[in-house]
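All residue numbers in this chain count up from 1 along the given sequence.
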Amino acid sequence: MAEIIKTEKLTKYYGSHRGIIEVDLDVHQGEVFGFLGPNGAGKTTTIRVLLDLIRPTSGKAYVFGIESSVDPVAIHRRIGYLPGEFALYDRLTGGQTLEYFGNLRGGVDKAYRAQLVERFDLDPSRRYREYSKGNKQKVGLVAALQHRPELLMLDEPTAGLDPLVQQTFFSLLRDHVKDGATVFLSSHILSEVERSCDRVAIIREGRLVRVDRVDALRDLAHHQVELRFEGAPPAAEFKKLKGVSDVTVEDHILRMRVLGSITPVVQAAAKLGVIDFLSREPSLEETFLAQYGRESAEVK
């Protein structure tokens with residue numbers, strides 16, 4: 001599978017202040033790649049280096065196999081980009097803004113743009129300065145999508161969007177990927193990464209701490225398991241199992257936390273006459289907090 005993004009020990013310092021440190025990433029064609037971390041972790045810095053908006057202190061970044069600092073124009077032609085913070089021309093309407101950016105691209109499919117405007121329920125006749133935060137974000141998303149880019153670089157794309165518009169956005173992402181595109185999505189909201197991404201990289205204090213599939217990352221957190229027995233629960237049998245902790249007994253109910261695979265617990269329960277079994281799968285948010293700590297995560 002082709003590598004769309006690749007970085008090699010990518011490092012950026014702002015004077016003596018840390019940006020990112022030796023980040024090694026590879027993003028494959030056709031995947032939705034989540035870049036997850038608390039505010040200030042280095043997500044936006046990484047995106048800006050990839051787009052050659054800022055230059056790295058050391059290391060290299062490649063997009064479409066092109067080194068970002070060698071030919072950024074060739075990269076930009078094939079990318080749709082939504083920055084985390086952006087300001088457009090206050091006196092232009094939303095429609096005029098989209099037309100302007102479409103013309104910079106050499107023209108876009110106007111029917112497709114109209115379809116995007118309709119799906120986002122955007123009023124293109126209003127001036128940009130009159131839009132709410134959510135409607136400004138819609139303009140930015142349509143501008144990023146309207147030329148059907150091969151790679152979408154999205155920095156906190158759902159900021160200001162209401163839940164229904166977020167559903168529309170994720171549906172559009174899925175359609176875009178079906179057509180062969182790749183998505184690099186930065187976020188500090190774990191639920192949106194969980195619902196939309198194939199793989200995720202977790203960055204903390206400028207360093208990558210984990211890159212894996214979303215379902216594999218979830219296995220890092222503890223499952224909450226509850227077993228019901230006819231008689232006294234055999235707590236001692238479960239305390240011996242790998243990954244089991246916090247075993248408690250209440251009447252005929254046995255509760256525990258299980259780190260990693262729950263298969264040994266299931267097998268033991270079947271042998272010991274369990275009559276009811278309840279396991280709650282951890283969310284990605286619980287995984288993040290369990291692995292990297294609540295104070296540093298600062299998740300919403």
Treat each ILVMFWY residue as a node, draw an edge where side-chain heavy atoms are under 4.5 Å apart, and state whether [X] and [Y] are in one component.
X: Tyr100; Y: Leu145; value: yes
X: Leu208; Y: Ile21; value: no
X: Val225; Y: Val249; value: yes
X: Leu82; Y: Leu104; value: yes
X: Val73; Y: Tyr81; value: no

Between [atom1] of [X] and [atom2] of [Y], what distance do you get to the nearest 0.5 Å?
X: Arg78; Y: His147; atom1: CZ; atom2: NE2; value: 11.5 Å
X: Arg255; Y: Leu278; atom1: CZ; atom2: CG; value: 9.5 Å
X: Lys110; Y: Gln146; atom1: NZ; atom2: CD; value: 11.0 Å

- [ ] Go through the steps to decide whether Ile253 and Asp251 satisfy the test side chain to side chain contact (heavy atoms under 4.5 Å, CB included), and finish with yes or no.
- [x] CA-CA 6 Å; Ile253 299 174; Asp251 296 328; 5.6 Å; no
[Y] backbone acceptor or donor facing [X] side chain under 3.5 Å:
X: His76; Y: Leu51; result: yes
X: Asp198; Y: Val32; result: yes
X: Ser132; Y: Asn135; result: yes
X: Gln137; Y: Pro157; result: yes
X: Ser171; Y: Gln167; result: no
X: Asp123; Y: Ser125; result: yes
X: Arg105; Y: Arg77; result: yes
X: Lys12; Y: Val49; result: no
X: Arg127; Y: Arg91; result: yes
X: Thr11; Y: Glu22; result: yes

Do you know the tightest heavy-atom contact between [X] and [Y]?
X: Ser196; Y: Leu185; answer: OG-CD1, 4.3 Å
X: Ala201; Y: Val211; answer: CB-CG2, 3.8 Å
X: Arg148; Y: Tyr112; answer: NH2-CD1, 3.1 Å
X: Val177; Y: Gly30; answer: CG1-O, 3.1 Å
X: Ala181; Y: Pro149; answer: CB-O, 3.7 Å
X: Met153; Y: Leu50; answer: CE-CD1, 3.7 Å

Does the side chain of [X] come under 3.5 Å of the side chain of [Y] through a donor N or O and an acceptor N or O?
X: Ser69; Y: Asp52; value: no
X: Asp24; Y: Thr7; value: no
X: Thr57; Y: Tyr14; value: no

Answer yes or no: is there an ion pair linking [X] with [Y], defined by an N-O contact shorter than 4.0 Å?
X: Arg199; Y: Glu31; value: yes
X: Glu8; Y: Lys60; value: no
X: Asp26; Y: Lys6; value: no
X: Arg113; Y: Glu99; value: yes
X: Arg119; Y: Asp175; value: yes

**Asked** Can Arg18 be said to sit on top of Tyr13's aromatic six-ring, NZ or CZ under 6.0 Å from centre and within 45° of the ring axis?
**Response**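 So Arg18 doesn't make the cation-pi contact.
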- Message: For the aromatic rings, using the six-membered ring if either is Trp, is the centroid distance between Phe184 and Phe35 under 6.0 Å?
- Response: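 Yes, they do, as the ring centres are separated by less than 6.0 Å.
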Side-chain donor-acceptor pairs of residues 263-275 under 3.5 Å, sequence neighbours excluded:
from   : atom 1 : to     : atom 2 : distance (Å)
Thr263 : OG1    : Ser261 : OG     : 3.1

Show every donor-acceptor pair shorter than 3.5 Å between a side-chain atom in residues 229-240 and any protein atom, with sequence neighbours excluded, or say none if there are none.
from   : atom 1 : to     : atom 2 : distance (Å)
Glu237 : OE1    : Lys240 : NZ     : 3.4

